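Reviewing the structure listed below.
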Amino acid sequence: KNKKIMKTNITINAIELASNLAERDLSNFISTLSDEQYDLKFPDGTYVETEDEIVYTEEAQDLFNEFYDEFLTMIEECKA
């Protein structure tokens with residue numbers, strides 16, 4: 001059977017979507033690592049607490065940024 005594909009336009013916050021997807025992929029990536037692999041990839045862990053907030057360590061932020069850039073590019077390519 002041929003399914004009729006309807007094109008539906010929605011409004012999204014591209015930055016928020018890319019951030020949420022990057023955070024998900026970073027979390028999924030971390031969950032696949034053994035303890036030894038984790039310690040090698042993230043020697044300082046994945047989070048650091050400052051006076052005001054909890055932020056990614058440099059290694060985790062770098063990986064998050066890679067995922068984010070990939071997702072934002074995909075989202076931008078889908079613009080009508």
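Hydrogens, waters and symmetry mates play no part in the numbers below; they use all other heavy atoms, side chains included. Because the structure is predicted, anything quoted here is derived from the model rather than measured.
Here the closest non-hydrogen pair linking Ala18 and Leu72 is CB-N, 3.9 Å. Across every non-hydrogen atom of Glu16 and Asn13, the tightest pair is N-OD1, 3.0 Å.
Under the salt bridge (charged side-chain N to carboxylate O under 4.0 Å, His left out) criterion, Glu76 pairs with Lys79, sequence neighbours left out. Taking Thr50 as the reference, nothing meets the side-chain hydrogen bond (donor to acceptor under 3.5 Å, both in side chains) condition, with sequence neighbours excluded. For Glu66, there are no side-chain hydrogen bond (donor to acceptor under 3.5 Å, both in side chains) partners at least two apart in sequence or on another chain. For Gln61, the side-chain hydrogen bond (donor to acceptor under 3.5 Å, both in side chains) test picks out Asn65, with sequence neighbours left out. Under the side-chain contact (heavy atoms from CB on, under 4.5 Å) criterion, Glu49 pairs with Ile54, sequence neighbours left out.
Within the structure, side chain to side chain donor-acceptor pair (under 3.5 Å) pairs that include any residue of residues 27-45 comprise Ser34-Gln37, Tyr38-Thr46 (at least two apart or interchain). Every pair passing ring pair (Phe, Tyr, Trp, His ring centres under 6.0 Å) that includes a residue from residues 59-79 is listed here, sequence neighbours excluded: Tyr56-Phe64. Within the structure, ring pair (Phe, Tyr, Trp, His ring centres under 6.0 Å) contacts touching residues 16-37 (residues at least two apart or in different chains) do not occur.
Counting non-hydrogen atoms of other residues, nucleotides and ligands closer than 6.0 Å to CG of Leu40 gives a total above 12.
Atom CD1 of Ile75 and atom CD of Glu70 lie 11.5 Å apart (nearest 0.5 Å).
When hydrophobic clusters are built by joining Ile, Leu, Val, Met, Phe, Trp and Tyr residues whose side-chain heavy atoms come closer than 4.5 Å, directly or via intermediates, Val48 is not grouped with Leu26.
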